[in-house]
Amino acid sequence: MQQALSQAGSWQQQRAFAQPAAQEDAAEPEEVPPKIKQLATDIMALSILECSQLSNILREKLGIPKGAAAMPMMAMPAAMPAAGGAAAAADAAAPKEEKKEKTEFDVKLDSFTPEGKIKVIKEIRALTNLGLKEAKELVEKAPVVIKTGVSKADAEAMQKQLEAVGGKVVME
């Protein structure tokens, strides 16, 4: 019994040593400016659609391509202090230099003629592999993006096919 009590006491002592350091050892946290707090509050109040739109605007302003994968968050804190922000500036400038000619396009059905609606639905079905109901709903939502991230040649071919049956198509 005595041995069990002594083991329990040593377990509690070990647990006390495993606790994080007291606040007095830690550096004082930076005071966050009210402007940043308000910005965070405003972002948290956005809907999913608004967040998506904000993301698109930031990508455009920062020159980040649509298909770029997000940088792992664990690598960023380690890289930023060592580089002093210079690496981030170089990374942000690199996509702008490469972005000379657009290679991926979004095909958008802008409108269609009333007499060509059925033909446009059939073409949309052929181009997107959608069912009849889904293709009809998509066409009726015009203006709507039909396909994203297609090559210029494919986008032009889709545009010709849809315009031949009465659709007005825009490549973005």
Side-chain angles (χ1 to χ4, degrees), residues 1-111 128-130 134 137-152 154-155 158-159 168-172:
M1 183 73 170
Q2 193 70 305
Q3 186 180 13
L5 287 175
S6 66
Q7 285 179 348
S10 66
W11 176 78
Q12 289 173 342
Q13 289 171 347
Q14 289 174 353
R15 182 167 168 82
F17 286 118
Q19 296 296 324
Q23 283 295 333
E24 56 197 50
D25 292 342
E28 290 187 28
E30 281 186 36
E31 182 63 30
V32 178
K35 179 179 175 181
I36 302 299
K37 286 181 181 179
Q38 181 61 43
L39 182 61
T41 303
D42 292 345
I43 290 173
M44 295 300 293
L46 295 176
S47 69
I48 300 285
L49 177 62
E50 292 167 331
C51 286
S52 174
Q53 292 169 340
L54 175 63
S55 175
N56 289 339
I57 290 170
L58 290 174
R59 276 192 193 132
E60 183 179 309
K61 295 279 184 187
L62 298 173
I64 300 171
K66 267 189 177 179
M71 179 183 223
M73 293 306 291
M74 294 305 291
M76 187 177 280
M80 291 304 285
D91 289 343
K96 289 182 182 178
E97 293 171 9
E98 293 174 12
K99 190 179 175 184
K100 293 181 181 174
E101 186 176 323
K102 192 171 182 180
T103 57
E104 292 186 351
F105 293 87
D106 296 342
V107 179
K108 180 179 178 182
L109 176 66
D110 205 30
S111 62
T128 62
N129 296 324
L130 291 175
E134 291 84 7
E137 289 172 355
L138 186 69
V139 168
E140 289 174 345
K141 288 181 190 176
V144 64
V145 175
I146 299 167
K147 280 206 169 187
T148 59
V150 296
S151 69
K152 186 174 183 177
D154 290 342
M158 286 181 207
Q159 184 177 17
K168 183 180 176 201
V169 180
V170 177
M171 292 188 331
E172 297 179 339

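Small disclaimer: the values here were computed from a predicted structure and weren't measured.
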* Report the distance from atom CD of E172 to atom CD of E104, rounding to the nearest 0.5 Å. => 14.0 Å

* **Rounded distance [0.5 Å steps], CD1 in I146 versus CD in Q159** => 10.5 Å

Partners of [X] by side chain to side chain contact (heavy atoms under 4.5 Å, CB included), sequence neighbours excluded?
X    : result
S55  : R59
A40  : none
S151 : A153, D154
I36  : V32, P33

* Structure fact -> For A142 and D110, the nearest pair of non-hydrogen atoms, with its separation, is CB-O, 3.9 Å

* Taking only residues two or more places apart in sequence or in another chain, which ones pass side chain to side chain donor-acceptor pair (under 3.5 Å) with D106? -> K66

* **With sequence neighbours excluded, residues passing side chain to side chain donor-acceptor pair (under 3.5 Å) with N56** => none

* Asked: Restricting to pairs with a member in residues 137-146, which pass side chain to side chain donor-acceptor pair (under 3.5 Å), not counting sequence neighbours?
  -> K117-E140, K136-E140

Side-chain donor-acceptor pairs under 3.5 Å in residues 41-51, sequence neighbours left out?
| residue | atom | partner | partner atom | Å |
| --- | --- | --- | --- | --- |
| T41 | OG1 | K37 | O | 2.9 |
| D42 | OD1 | Q38 | NE2 | 2.7 |
| S47 | OG | E50 | N | 3.2 |
| S47 | OG | E50 | OE1 | 3.3 |
| E50 | OE1 | S47 | N | 2.8 |

* Side-chain heavy-atom pair M158, V150 within 4.5 angstrom cut-off -> yes

